[in-house]
Amino acid sequence: MRKPDGKIVLLGDMNVGKTSLLQRYMERRFPDTVSTVGGAFYLKQWRSFNISIWDTAGREQFHGLGSMYCRGATAIILTYDVNHPQSLVELEDRFLGLTDTASTDCLFAIVGNKVDLSEEGAVESREKDGCSPRLAAGSYMSPKGPKQVQLEDAVALYKKILKYKMLDEKDVPAAEQMCFETSAKTGHNVDLLFETLFDMVVPMILRQRAQGPPQTVDISSYKPPRRTKSGCCA
Ligand SMILES: Nc1nc2c(ncn2[C@@H]2O[C@H](COP(=O)(O)OP(=O)(O)OP(=O)(O)O)[C@@H](O)[C@H]2O)c(=O)[nH]1
Ligand SMILES: [Mg+2]
């Protein structure tokens, strides 16, 4: 198997929907999932490039593995559940530190999943199904509450990440471009998320290729200087 050209890693608390997002994108469906053990990956061919996408376990007991999965990552998707504010807090408290092993120019996307469970998301998906928005907005049809985490909260986290990584806002993609709200259930924004990242990862792969392999010293070709009589070691 050819070595992948780029690596994308999904991180985030358990139950936020990392596996579901990946399956929605790769398999075009929303199957029942079981909580991930360790990690698993898919290979995606994007143009002429092979990109590996790693799904990781959010459960605390697997936390130690996170930084291993992030090693050399070209992009990291930090995932939270828009209906659980604590899952956004966990991204900063528990997951950001795991990304220290990623590539130095690693991209970060912040993804709020399960928007279909909140009022706005629910109305949106019913509109798509042909229901009138007026009816759909009626309380008897919308037992769902408002979204608990706003997009601005994700944007604020993105800016904190830049600070943590000591990156300048003008050198990286804008927060508005890198914060997404998705639903693995309806497919809302899922293709947009992955394909935006693939398009951003490709120039990084090309840049890394142009720089060539890391500079190393070939000790097999090293010839020690010949000792002479006049030399101090003679
Ligand atoms: N309504 C709704 N449910 C979702 C969505 N995404 C995932 N779920 C459900 O949330 C639960 C957890 O989803 P997973 O994809 O297994 O979550 P995970 O982040 O991979 O969890 P770990 O593997 O334990 O880290 C499952 O019951 C999914 O069906 C979504 O967009 N909308
Ligand atoms: Mg999972």
Side-chain angles (χ1 to χ4, degrees), residues 7-44 52-70 73 75-99 108-129 131 136 141-151 153-154 157 179-197:
K7 177 181 184 185
I8 297 179
V9 183
L10 280 147
L11 283 185
D13 209 355
M14 64 180 285
N15 218 35
V16 295
K18 300 176 295 297
T19 303
S20 304
L21 282 168
L22 197 46
Q23 295 199 340
R24 162 62 73 190
Y25 182 69
M26 294 300 295
E27 295 173 10
R28 320 308 291 169
R29 60 196 189 102
F30 180 65
D32 285 342
T33 53
V34 286
S35 188
T36 305
V37 172
F41 78 99
Y42 280 89
L43 260 189
K44 170 76 184 173
S52 60
I53 315 173
W54 288 81
D55 180 22
T56 63
R59 271 196 277 169
E60 189 90 51
Q61 71 199 94
F62 297 112
H63 193 65
L65 298 175
S67 56
M68 188 185 84
Y69 287 115
C70 288
I76 291 176
I77 301 174
L78 292 165
T79 318
Y80 66 95
D81 175 345
V82 292
N83 310 295
H84 283 103
Q86 187 58 29
S87 65
L88 185 77
V89 175
E90 293 288 317
L91 288 180
E92 185 181 355
D93 290 356
R94 198 150 68 88
F95 292 96
L96 186 55
L98 302 179
T99 68
F108 289 87
I110 303 181
V111 174
N113 189 41
K114 304 195 188 183
V115 282
D116 60 283
L117 291 179
S118 63
E119 237 161 33
E120 301 138 75
V123 169
E124 225 170 73
S125 60
R126 277 195 301 268
E127 273 178 47
K128 237 168 115 185
D129 294 343
C131 282
M141 282 197 69
S142 180
K144 298 159 185 177
K147 213 168 42 177
Q148 300 285 305
V149 186
Q150 304 307 316
L151 198 56
D153 303 325
L157 175 62
C179 296
F180 299 81
E181 287 188 333
T182 59
S183 166
K185 186 173 182 179
T186 65
H188 179 69
N189 277 348
V190 175
D191 287 359
L192 178 76
L193 162 68
F194 284 102
E195 295 178 0
T196 300
L197 280 183

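Numbers for residues simply follow the sequence, beginning at 1. Both ligands and their constituent atoms are indexed starting at 1 by order of listing.
- For NE2 of His63, the number of neighbouring non-hydrogen atoms (other residues, nucleotides, ligands) closer than 6.0 Å is greater than 12.
- At least one N/O/S atom of Thr19, from backbone or side chain, sits under 2.8 Å from the Mg ion (ligand 2).
- Between Arg59 and Thr36, the closest heavy-atom pair is NH2-O, 4.1 Å.
- Note that CG of Leu193 and CD1 of Ile77 are 4.5 Å apart. Values are rounded to the nearest 0.5 Å.
- Across the listed options Arg24, His188, Lys18, Lys18 owns the non-hydrogen atom lying nearest to atom 19 (O) of ligand 1.
- Here Ser20 fails the criterion, with no N, O or S atom under 2.8 Å of the Mg ion (ligand 2).
- Tyr69 and Trp54 have tilted rings, their planes meeting at an angle from 30° to 60° on a 0 to 90° scale.
- Using a 4.0 Å cutoff on heavy atoms, Gly12 does not count as a contact of ligand 1.
- Here the heavy atom of the protein found nearest to atom 10 (O) of ligand 1 is Lys114 NZ, 3.0 Å.
- Not one N or O on the side chain of Lys114 forms a donor-acceptor pair closer than 3.5 Å with the backbone of Gly17.
- With Asn113 as reference, Thr182 is the one residue of Thr182, Asn15, Asn189 to meet the side-chain hydrogen bond (donor to acceptor under 3.5 Å, both in side chains) rule.
- Pairing each heavy atom of Phe62 with each of Ala57, the nearest pair is CD1-CB, 3.5 Å.
- Atoms CG and CG, on Asp81 and Asp13 in that order, are 9.5 Å from each other to the nearest 0.5 Å.
- At distances below 3.5 Å, not a single donor-acceptor pair connects side-chain atoms of Lys7 with backbone N or O atoms of Ile76.
- Here's the thing with Thr36: one of its N/O atoms is less than 3.5 angstrom from an N/O atom of ligand 1.
- Listed for the Thr56 side chain is a donor-acceptor partner under 3.5 Å among the backbone atoms of Leu10.
- The part of Asn113 lying near ligand 1 is the side chain, judged by heavy-atom distances below 4.0 Å.
- Remark: minimum distance from atom 24 (O) of ligand 1 to any protein heavy atom is reached at Ser35 OG, 2.5 Å.
- Of all the atoms in ligand 1, the ones that sit under 4.0 Å from a non-hydrogen atom of Met14 are 21 (O), 22 (P), 24 (O), 25 (O).
- With hydrogens left out, the protein atom closest to atom 17 (O) of ligand 1 is Gly17 N, 3.2 Å, a heavy atom.
- Contact annotation: for Leu117 versus ligand 1, heavy atoms closer than 4.0 Å belong to the side chain alone.
- Nearest to atom 15 (O) of ligand 1 among the protein's heavy atoms is Ser20 OG, 2.6 Å.
- Contact annotation for atom 27 (O) of ligand 1: protein absent (non-hydrogen atoms, distance under 4.0 Å).
- With a 4.0 Å cut-off on non-hydrogen atoms, Thr19 touches ligand 1 through its backbone as well as its side chain.
- Contacts between Thr33 and ligand 1, counted as non-hydrogen atom pairs separated by less than 4.0 Å, involve the side chain only.
- Put simply, the residue from Arg24, Arg28, Lys44 that forms a salt bridge (charged side-chain N to carboxylate O under 4.0 Å, His left out) with Asp191 is Arg28.
- Counting heavy atoms only, Asn15 comes closest to atom 21 (O) of ligand 1 of the residues Asp32, Asn15, Thr186, Val82.
- Among protein heavy atoms, the minimum distance from atom 32 (N) of ligand 1 is reached at Asp116 OD1, 2.7 Å.
- Leu91 and Leu11 make their closest contact through CD2-O, 4.3 Å (heavy atoms, listed as atom of the first residue, atom of the second, distance).
- Taking any N or O of Ala57, backbone or side chain, none lies under 3.5 Å from an N or O belonging to ligand 1.
- At under 3.5 Å, not a single nitrogen or oxygen of Thr182, backbone or side chain, sits near a nitrogen or oxygen of ligand 1.
- From the protein, the heavy atom lying nearest to atom 3 (N) of ligand 1 is Phe30 CZ, 3.8 Å.
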Output, in order, the C-alpha distance, side-chain angles, deciding distance and verdict of side-chain hydrogen bond (donor to acceptor under 3.5 Å, both in side chains) for Asp55 and Thr19. CA-CA 6 Å; Asp55 180 22; Thr19 303; 2.6 Å; yes

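- Atom 31 (O) of ligand 1 has Ala184 N, 2.8 Å as its closest protein atom, hydrogens excluded (heavy atom only).
- For Val34, no nitrogen or oxygen atom sits less than 3.5 Å from a nitrogen or oxygen atom of ligand 1, counting backbone and side chain alike.
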